[in-house]
Colleague: 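Here it is: the structure, laid out below.
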Number of protein chains: 2
Amino acid sequence: MTPNLTQAEENYIKNIYHLQQASGSVTTNDLAAILQTKPASVTDMLKKLKTKKLLQYEPYKEFCLTLYGRKTALMIIRKHRLWEYFLVHTLRFEWDEVHEVAEQLEHVESKKLVEKLDAFLDFPRFDPHGDPIPDSNGKMSIQHEVNLINLPFNKQAEVTSVRSQSTELLELLKHKNINIGTKLEVKKKFDFDNSIEVKMKNLSPVTISEQLAKALFVRVVAS
Amino acid sequence: MTPNLTQAEENYIKNIYHLQQASGSVTTNDLAAILQTKPASVTDMLKKLKTKKLLQYEPYKEFCLTLYGRKTALMIIRKHRLWEYFLVHTLRFEWDEVHEVAEQLEHVESKKLVEKLDAFLDFPRFDPHGDPIPDSNGKMSIQHEVNLINLPFNKQAEVTSVRSQSTELLELLKHKNINIGTKLEVKKKFDFDNSIEVKMKNLSPVTISEQLAKALFVRVVAS
DNA sequence: TGATTTTTTTAGATTTGCCTAAAATTTATT
DNA sequence: AATAAATTTTAGGCAAATCTAAAAAAATCA
Ligand SMILES: [Mn+2]
Ligand SMILES: [Mn+2]
Ligand SMILES: [Mn+2]
Ligand SMILES: [Mn+2]
């Protein structure tokens, strides 16, 4: 009945985890920026997370999640990404519309619900943005991702994820017929504007700007 | 981002609506009992709901939802029942397991989610307990329900809902092969213990105790 | 190294939703 | 009608999560 963690606590844990992954360490200011709150509020919560054994924290020192904190984070991320997969594949949302709703659904507390949802979706390993979905033990598949800008010529690769989930990006990808899962290879690179030309089976070559290439990640499929 | 109503406010609105439907009027004490809180807390919230134009309220007078309050209640009930239907029909929960989870899911705020879920489920009109699901305008199908104890002899009827969603009831109904949707007719009534004997097609007659009959509601299908 | 800037924490308030105890009001009973 | 009982509201407080302003510590720079 009374939840183990409040939504606020869960949001802090999840974002500490993400920032830790992305930049190795987290600061009070980073967290305040991401959670759209003030540094003073962050400090208050860090103290609370410490008393709940989720965080290692001493005033003015670097802080990081405990093992228990990391496991907790992975379970929240698991729910977030499973719901995103559900929204796109089952309810037919576009993948730029699902994040906000998943931010709410990830806080629904029911072990059974998560496991049944996972089974119904047939245990998906990646969410609609290409991010890996932790399994019920917190393990996730590793993606051998390369930024499209670094993909060598003539290597068959598959689009696995995008940085940024903006509507503008989605619009552009739709226009160019590129999706998560699309197979392509790089045919030309132009030094003038760092644009590249990619080829998808049965389609004519498509030009990709530097900005777009930097937003796309691919996995090499065959040499 | 900031929700229109808090979860606490939504729970009050929904329960005021249900009590109003069930007994014509609501009291501070009733609400406190159902929401597992104290009468003083209820009074606090009633004042808040008044300022939000959801409730007509004057100290010591009877109170009732405004039109806006009733519409709000119906949208919460719509979500609750749609999610219950989803949990049973899509994720294969038993119908005695879904209420708690639906209590959480009903507070997820996304008009689009509700409409997409409704469409995915093919616009169900009754939830797994036989209760009608309001449509997007708040309209719901009326059930012409009769308590099984009052069903005349030899009238073909269909089980439409149950009062109580306990595991114990579910176990008994499973044993007797009775479900929402099961067709039956009453063959005998015994004055000694008010038990009745019902007949389902292709099955031998089954005895139903007074307690069980009072928990089952049916709709007459044919004369 | 000493001064300045940036980051982080503390101090003190505020809002929401809840509590207990006591007062006010309504309803029921003699 | 007067008293007793039940219901409902007020008064005053508490915990969670936030805020602003100010103090403390750390990092940077001259
Ligand atoms: Mn997301
Ligand atoms: Mn995602
Ligand atoms: Mn329910
Ligand atoms: Mn129900």
Side-chain angles (χ1 to χ4, degrees), chain A residues 1-16 19-20 22-65 69 72 76 103-104 106-107 109, chain B residues 1-16 19-20 22-65 69 72 76 103-104 106-107 109:
Chain A
M1 201 90 5
T2 312
N4 192 13
L5 296 175
T6 65
Q7 293 203 187
E9 288 164 348
E10 290 195 343
N11 284 331
Y12 272 87
I13 298 285
K14 188 183 65 166
N15 283 291
I16 292 170
L19 287 172
Q20 217 166 260
S23 41
S25 71
V26 205
T27 68
T28 306
N29 271 353
D30 289 349
L31 264 178
I34 282 221
L35 292 165
Q36 312 217 71
T37 183
K38 306 290 157 174
S41 307
V42 172
T43 301
D44 286 346
M45 182 59 91
L46 296 181
K47 286 191 231 162
K48 186 143 75 99
L49 295 179
K50 182 190 177 167
T51 71
K52 294 208 175 187
K53 313 264 184 206
L54 289 154
L55 190 73
Q56 283 186 283
Y57 170 78
E58 292 304 328
Y60 295 108
K61 297 242 171 77
E62 270 203 2
F63 52 88
C64 66
L65 292 174
T72 304
I76 302 163
E103 285 290 309
Q104 297 180 64
E106 75 188 4
H107 301 295
E109 189 174 277
Chain B
M1 201 87 7
T2 314
N4 192 15
L5 297 175
T6 65
Q7 294 203 187
E9 287 165 348
E10 290 195 343
N11 284 331
Y12 273 88
I13 299 285
K14 188 184 65 166
N15 283 291
I16 293 170
L19 288 172
Q20 217 165 258
S23 42
S25 71
V26 205
T27 69
T28 306
N29 270 352
D30 288 349
L31 263 178
I34 281 220
L35 292 164
Q36 312 216 72
T37 183
K38 305 291 154 172
S41 307
V42 172
T43 302
D44 286 345
M45 183 59 91
L46 295 181
K47 286 193 233 162
K48 186 143 76 99
L49 295 178
K50 183 191 176 167
T51 71
K52 294 207 174 187
K53 315 265 186 205
L54 289 153
L55 190 74
Q56 284 188 283
Y57 170 78
E58 292 304 327
Y60 295 108
K61 296 242 171 78
E62 270 201 0
F63 53 87
C64 65
L65 292 173
T72 303
I76 302 163
E103 285 290 309
Q104 297 181 64
E106 74 188 4
H107 302 295
E109 189 174 276

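Every chain is numbered from 1 and lettered A, B, ... according to where its sequence line falls, protein lines coming before strand lines.
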Colleague: Rounding to a whole Å, what distance do you find between B/Tyr60:OH and C/dA23:P?
Modeller: 13 Å
Colleague: How do A/Thr37 and A/Pro59 order along DNA chain D: which one's closest nucleotide is nearer the 5' end?
Modeller: A/Thr37
Colleague: Atom CG of A/Asp44 to atom P of C/dT14: distance rounded to whole Å?
Modeller: 16 Å
Colleague: How many angstroms lie between atom CG of B/Asn11 and atom CD of B/Glu106, to the nearest 0.5 angstrom?
Modeller: 6.0 Å
Colleague: Could you state the NZ-P distance from B/Lys50 to D/dT9, rounded to the nearest angstrom?
Modeller: 12 Å
Colleague: Taking all heavy atoms of A/Val26 and all of A/Phe63, pick out the closest pair and write down the distance.
Modeller: O-CZ, 3.8 Å
Colleague: For C/dT9, does either OP1 or OP2 sit under 4.0 Å from a side-chain N or O belonging to A/Tyr57?
Modeller: yes
Colleague: What heavy-atom pair brings A/Asn4 and A/Glu9 nearest, and what distance separates the two atoms?
Modeller: O-OE1, 4.4 Å
Colleague: Please confirm whether the shortest side-chain N or O distance from B/Tyr12 to OP1 or OP2 of C/dC18 is below 4.0 Å.
Modeller: yes
Colleague: Considering only C/dT20, D/dT18, C/dT8, which nucleotide approaches the side chain of B/Lys38 most closely?
Modeller: C/dT20
Colleague: Within less than 4.0 Å of OP1 or OP2 of D/dT8, is there a side-chain N or O belonging to B/Asn29?
Modeller: yes
Colleague: Could you state the CG-P distance from A/Leu31 to C/dT9, rounded to the nearest angstrom?
Modeller: 11 Å
Colleague: Taking only the side-chain heavy atoms of B/Met45 (C-beta and beyond), determine which of C/dC18, C/dT20, D/dT8 contains the nearest atom.
Modeller: C/dC18
Colleague: For the side chain of B/Ser41, starting at C-beta, report the closest nucleotide among C/dC19, C/dT25, C/dT8.
Modeller: C/dC19
Colleague: What is the distance, rounded to the nearest whole Å, between atom CD of B/Glu62 and atom C1' of D/dT8?
Modeller: 13 Å
Colleague: With heavy atoms under 4.0 Å as the rule, sort B/Thr28 into base, sugar-phosphate or nothing.
Modeller: sugar-phosphate
Colleague: Verify the contact: side-chain N or O of A/Thr43 to OP1 or OP2 of C/dT9, cut-off strictly under 4.0 Å; return yes or no.
Modeller: yes
Colleague: Donor-acceptor pair, B/Gln20 side chain versus B/Leu65 backbone, under 3.5 Å?
Modeller: yes
Colleague: If you look at every heavy atom in B/Gln104 and A/Glu109, which pair is closest and at what distance?
Modeller: OE1-N, 2.6 Å
Colleague: Nearest whole Å is fine: how far is D/dA16 P from A/Leu5 CG?
Modeller: 13 Å
Colleague: Nearest of C/dA21, C/dT9, D/dT18 to any side-chain atom of B/Ala40?
Modeller: C/dA21
Colleague: Return whichever of A/Gln7 or B/Lys47 has its heavy-atom-nearest nucleotide of DNA chain D closer to the 5' end.
Modeller: B/Lys47
Colleague: Please state how far atom CG in A/Leu46 lies from atom P in C/dT8, giving the value in whole angstrom units.
Modeller: 10 Å
Colleague: In whole angstroms, how far is the P atom of D/dT10 from the CD atom of B/Glu58?
Modeller: 11 Å
